[in-house]
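Below is one structure; the comments refer to it alone.
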Amino acid sequence: MRDAYHEELDSIGDGLVEMARLVGSAIGRATTAILDADLKLAENVIEGDQKIDELQHDLEARAIDLLARQQPVATDLRIVVTSLRMSADLERSGDLAQHVAKLTRLRFPERAIPHDLHATILEMGQLAQRLMAKAAEVIITKDVDLAMQMEADDDAMDLLHRTLFQHLMDDRWKHGIETAVDVTLLGRYYERFADHAVAVAKRVVFLVTGEHADALQQDVQALPGVEGA
């Protein structure tokens with residue numbers, strides 16, 4: 001019975017990895033779709049979000065079933081509860097990728113993004129995909145150090161987000177209000193996607209250590225000789 005129980009716990013972890021890989025692929029494809037005005041690819045991303053939702057619902061049902069039947073305590077309880085929260089982060093990430101794809105569909109056959117912003121949006125999409133790939137690796141390996149390093153990647157996304165706003169506020173902006181709104185929304189989608197990827201990694205830190213990642217980071221910075229202490 002205990003072996004079956006732990007197999008169920010492991011299967012929840014496998015489901016989280018699958019979700020992370022699916023949403024990482026979704027944001028990458030959605031980025032290609034919006035930059036290329038590729039309606040077929042955008043529709044593929046939009047339709048694919050249903051599978052992510054179904055996975056999340058399945059994980060949620062299995063986790064709740066484990067709570068009811070096994071009444072886990074200590075580390076096992078932390079695994080189940082943390083997994084529920086991670087699945088919610090991943091599901092929201094899938095929604096954000098879908099939002100990018102829907103913006104592609106809304107503006108088709110026109111391109112939603114001006115040519116002079118393509119490089120920034122491409123970089124944001126690639127960074128979002130890398131962050132989610134790292135989140136999947138953290139789930140698999142339970143690597144606390146890798147999880148803690150993701151904050152720096154999130155800072156890079158925030159910088160790109162600010163770069164978009166600098167373009168919008170520039171007196172030379174010539175693309176109109178509608179495009180400005182699209183770019184503003186798009187920047188927010190990528191920024192929130194990155195936040196969810198980092199949140200997943202931080203939840204793994206809590207799962208492994210029993211401490212919140214932010215508190216651990218503060219403890220490290222407070223050590224003698226550590227920069228910022």
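Since we're looking at a predicted model, the values are computed, not measured. Residues: numbered from 1 along the sequence shown.
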To check you understand the geometry: which heavy-atom pair defines the closest contact between [X] and [Y], and what is its length?
X	Y	answer
V200	A135	CG1-CB, 4.2 Å
A42	A33	N-CB, 3.8 Å
W173	P114	CH2-CG, 4.3 Å
M19	S87	CE-O, 3.6 Å
A147	A201	CB-O, 3.6 Å
A37	P109	CB-O, 4.2 Å

Could you measure the distance from the [atom1] atom of [X] to the [atom2] atom of [Y]? Nearest 0.5 Å is fine.
X	Y	atom1	atom2	answer
D154	H161	CG	NE2	11.5 Å
M148	K202	CE	NZ	8.5 Å
L159	M124	CG	CE	9.5 Å
T31	I121	OG1	CD1	8.0 Å
I12	I139	CD1	CD1	12.5 Å
L59	E18	CG	CD	8.5 Å

For residues [X] and [Y]: do they belong to one hydrophobic cluster (side chain heavy atoms under 4.5 Å, members Ile, Leu, Val, Met, Phe, Trp, Tyr)?
X	Y	result
V81	F206	no
V208	L77	yes
I46	L55	no
L22	L84	yes
I27	L41	no

Subject >> Inter- and intrachain pairs under salt bridge (charged side-chain N to carboxylate O under 4.0 Å, His left out), touching residues 58-68, at least two apart >> reply: D58-R62, D65-R69

Original post:
Does anything in residues 100-113 pair up under salt bridge (charged side-chain N to carboxylate O under 4.0 Å, His left out), and if so which pairs, sequence neighbours excluded?
Top reply: E43-R105, R107-E178, R107-D182

Subject >> Pairs where residues 178-200 contributes a residue and the test ring-ring contact (aromatic ring centres under 6.0 Å, His included) is met, not counting sequence neighbours >> reply: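 As it turns out, the ring-ring contact (aromatic ring centres under 6.0 Å, His included) pairs with a partner in residues 178-200, which skip direct neighbours, are H99-Y189.
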
Original post:
Under 3.5 Å, is there a donor-acceptor pair linking the side chains of S25 and R29?
Top reply: yes

Original post:
Do D36 side-chain atoms and D38 backbone N/O form a donor-acceptor pair below 3.5 Å?
Top reply: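 Looks like no, no N/O pair under 3.5 Å.
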
**OP:** Show the numbers, then the answer: is there a side chain to side chain contact (heavy atoms under 4.5 Å, CB included) between E211 and V205?
**Re:** CA-CA 7 Å; E211 295 187 59; V205 173; over 6 Å; no

Do the side chains of [Y] and [X] get nearer than 4.5 Å, heavy atoms only?
X	Y	answer
D143	E137	no
M86	T82	yes
M150	L131	yes
D53	D95	yes
R92	D89	yes
L96	V100	no
S83	L9	no
R192	D195	yes

Subject >> side chain to side chain contact (heavy atoms under 4.5 Å, CB included) evaluation trace for L90 with Q56 >> reply: CA-CA 8 Å; L90 293 168; Q56 198 261 341; over 6 Å; no

**OP:** Specify whether H118 and H115 have parallel, tilted or perpendicular ring planes, treating 30° as the upper limit for parallel and 60° as the lower limit for perpendicular.
**Re:**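 Ring orientation of H118 relative to H115: tilted.
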
**OP:** Report the C-alpha distance between T163 and H167 in whole Å, list the side-chain angles of each, state the deciding distance to 0.1 Å, and finish with yes or no for side chain to side chain contact (heavy atoms under 4.5 Å, CB included).
**Re:** CA-CA 7 Å; T163 298; H167 281 280; 4.0 Å; yes

**OP:** Decide side chain to side chain contact (heavy atoms under 4.5 Å, CB included) for L39 and T104; before the verdict, give the C-alpha distance in whole Å, the side-chain angles of both, and the deciding distance to 0.1 Å.
**Re:** CA-CA 7 Å; L39 180 61; T104 304; 5.8 Å; no

